[in-house]
Student: 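Pasting a structure here, questions to come.
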Amino acid sequence: MTIEYIKKANQVLANTYKRNPIVITKGEGAIVWDTDGKSYIDFVSGIAVCNLGHAHPRVANAIYNQAKTLCHVSNLYYTTPQIELASILVENSFADKVFFANSGAEANEAAIKLARKYFKDKGEKNKYKIITMEKSFHGRTMGTLSATGQEKIQKGFDPLLPGFDLVPFNNIPALKSKIDDMTCAVMLEPIQGEGGVCIPDSDYLKNVRKICDEKGLILIFDEIQTGLGRTGKLFAYEHFGTSPDIMTLAKALGNGVPIGAMLAKEEIAKSFVPGSHASTFGGMPLTVAAALETVKVLLEENLAMRSYEIGAYFKERLMWLKDRHDSISEVRGFGLLIGAILQKSGTAIVEECLKKGFLINCVQDNILRFIPPLIIKKEQIDLLINCLDEVIN
Ligand SMILES: *Cc1c(COP(=O)(O)O)cnc(C)c1O
C-alpha cells in the first residue's frame, strides 16, 4: 500500500521535497502512525509547528466549532477571533499591533514592506536596504529568499530582489561596517534554526539593538521557528534581555493550521494604513480560532517553562551520547530547539531512526535538529537516545 501511494505521489506531486518513504495518516500527542499502522515518536513536529502535539483536543474542538460558525468573510469586516488573538499577542510581547498572514514567508514580507514604508513615510526615499545574516532562513517567496543568506535557497531564481546586504551572524564589527545611509533595518533570527541551531553570544542581540537605536534602524526578529515556547521562553528574545521593533511568527502559532503574524510597535506599525498591505485569507476566523486556542493552551499550561526544563534534560542526554561517540562534536540549543553537530553527514542516521520508529531531522547535512512537541516525555527522549546510541555506531 505504502509503495503504491509513493508511486502515485511521485507521478502527480511537484518534486520539490526530498521526502522520507512513509505515508503518515494519523497523529496523537508526540506519536504519528503510517499507512502500515507503524508508530513513530515525532521529534520534528511538522518542523517546529505542532508544539502542543498532534490532534490536540482543545485545538481540534476550536477548529470544529469555528468551522460550524464562520470560516471566512475577508478583512472588509471585523471578526472576533482576530481581535482576541491580536490582544493576547500584544499583551504577551513588546508589540502594539498585529498583522495576520498565512505563512512565515508572508509574515516576513509584511515586515520587509513595513520597514521600507516607514522610511518612505518619513521622506527618506533611499533608505530601503535591510541587513540580514549569512545562514539565515526567511522563506521562499522572491522577497524572503532574497533576504535569506543561503545560496542553495536562491540558486536558479535570479535576479534576486535588490536591497538586502548579508553579514555573518554573531559578528558586531561586520554588522557595523555594512551599515550605510541606505540601510533601513536589520533582520535576523535570534537563534538560527534552519542554519543549524546557531546561538549568538549572550550580549550579541543587545548590541545589535544598541546599534539600531544609535543609527535609527528598525530591528526585525524572525521568531517564526524560535517563537511560542520553543526555546524555553514564550519568545526567544526574552533570553537576551532585549526586544525588536518588529517580530514575525508563524510555524507553531496555529499548531498545524497555516497562520503567520507580523507584530510591531505602534510608532512603526502606523505606516500601514488602509490599502498598504492585505491578505485575503490573513486572519480568517477558522485559522485564527485554532491559533487562539493554541496560544491559550501554551500560556495556561506554561509550556515554555516545560520546554525549558525538558529541553535541559534532553540536552544532558545528548551530551551523554556525545561522550560515547566521537562523531558528535557538539550539542547546543535552547529549550526544545537542539542541534547535535556531527563530523559526518546525518542522512543515514535519519534513515535508520525512521526504520526504528523515530522521526528526526537533519539540517545543513551534518546537524541533527531536534524540535519535538513541547509535550514530549522524558521516557520518549530516553527511547530516542537509546536508538541513536545504537544507530550512530
Ligand atoms: C520556516 C521559517 C520561515 C518560513 O516559513 P513558511 O511558513 O515556510 O513560509 C521563515 N523564517 C524562519 C526562521 C523559519 O524557520
Side-chain angles (χ1 to χ4, degrees), residues 14 16-19 44-51 99-115 130-150 152-154 157 161 164 166 169-170 185-200 205 219-231 235-237 239-240 244 246-263 279 281-284 287-288 290-291 294 333-339 361-364 367 369-372:
T16 44
Y17 305 100
K18 190 178 170 295
R19 296 179 203 258
V44 181
S45 26
I47 318 187
V49 166
C50 301
N51 276 8
F99 175 86
F100 287 111
N102 311 290
S103 66
E106 281 177 90
N108 282 338
E109 288 285 345
I112 292 165
K113 286 178 73 173
L114 179 61
I130 298 178
I131 296 181
T132 63
M133 303 292 145
E134 289 171 9
K135 286 193 178 174
S136 60
F137 182 74
H138 297 298
R140 301 284 193 152
T141 59
M142 279 312 299
T144 57
L145 78 84
S146 301
T148 290
Q150 299 188 58
K152 67 172 190 211
I153 308 281
Q154 300 171 333
F157 301 113
L161 256 61
F164 296 98
L166 281 180
F169 184 59
N170 199 27
V186 177
M187 175 170 174
L188 51 78
E189 302 150 83
I191 296 168
Q192 292 185 328
E194 214 66 36
V197 193
C198 307
I199 297 164
L205 293 173
L219 179 56
I220 306 170
F221 284 170
D222 177 342
E223 292 235 24
I224 289 166
Q225 188 159 150
T226 53
L228 298 158
R230 172 57 51 191
T231 69
F235 303 113
Y237 70 75
H239 289 291
F240 299 101
I246 299 177
M247 171 172 74
T248 52
L249 300 175
K251 290 200 161 81
L253 184 53
N255 206 50
V257 306
I259 179 168
M262 185 218 47
L263 288 71
S279 164
F281 288 130
M284 68 185 295
T287 52
V288 169
T294 299
F334 266 70
L336 283 168
L337 174 58
I338 307 178
N361 169 250
C362 181
V363 290
Q364 305 290 319
I367 299 170
R369 176 183 52 171
F370 302 101
I371 38 179

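This one's a predicted model, so the numbers in the text were calculated from it and none came from an experiment. Read the numbers this way: they start at 1 and go in the same order the structure lists the ligands and their atoms.
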Student: Does the ring centre of F240 sit less than 6.0 Å away from the ring centre of F221?
Tutor: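 Centroid separation for F221 and F240: 6.0 Å or greater.
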Student: Ignoring hydrogens and geometry, is there a side-chain-to-backbone donor-acceptor pair from N255 to N51 under 3.5 Å?
Tutor: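 Checked: pair present.
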Student: Distance from C50 atom SG to K251 atom NZ, nearest 0.5 Å?
Tutor: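 The SG atom of C50 sits 12.0 Å away from the NZ atom of K251.
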Student: Check whether the side chains of T231 and H239 place a donor and an acceptor atom closer than 3.5 Å, and report yes or no.
Tutor: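 Result is yes, a qualifying pair exists.
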Student: When you look at E189 and T226, which way does the side-chain contact (heavy atoms from CB on, under 4.5 Å) test go after all the steps?
Tutor: CA-CA 8 Å; E189 302 150 83; T226 53; 5.6 Å; no
Student: Evaluate side-chain contact (heavy atoms from CB on, under 4.5 Å) for E109 paired with T144, printing each intermediate quantity in order.
Tutor: CA-CA 7 Å; E109 288 285 345; T144 57; 3.9 Å; yes
Student: Where does ligand 1 get N/O contacts under 3.5 Å from the protein, atom by atom?
Tutor:
residue: ligand 1; atom: 7 (O); partner: G104; partner atom: N; Å: 2.8
residue: ligand 1; atom: 9 (O); partner: G104; partner atom: N; Å: 3.4
residue: ligand 1; atom: 9 (O); partner: A105; partner atom: N; Å: 2.7
residue: ligand 1; atom: 11 (N); partner: F137; partner atom: O; Å: 3.1
residue: ligand 1; atom: 11 (N); partner: D222; partner atom: OD1; Å: 3.4
residue: ligand 1; atom: 11 (N); partner: D222; partner atom: OD2; Å: 2.7
residue: ligand 1; atom: 15 (O); partner: Q225; partner atom: NE2; Å: 2.8
residue: ligand 1; atom: 15 (O); partner: K251; partner atom: NZ; Å: 2.6

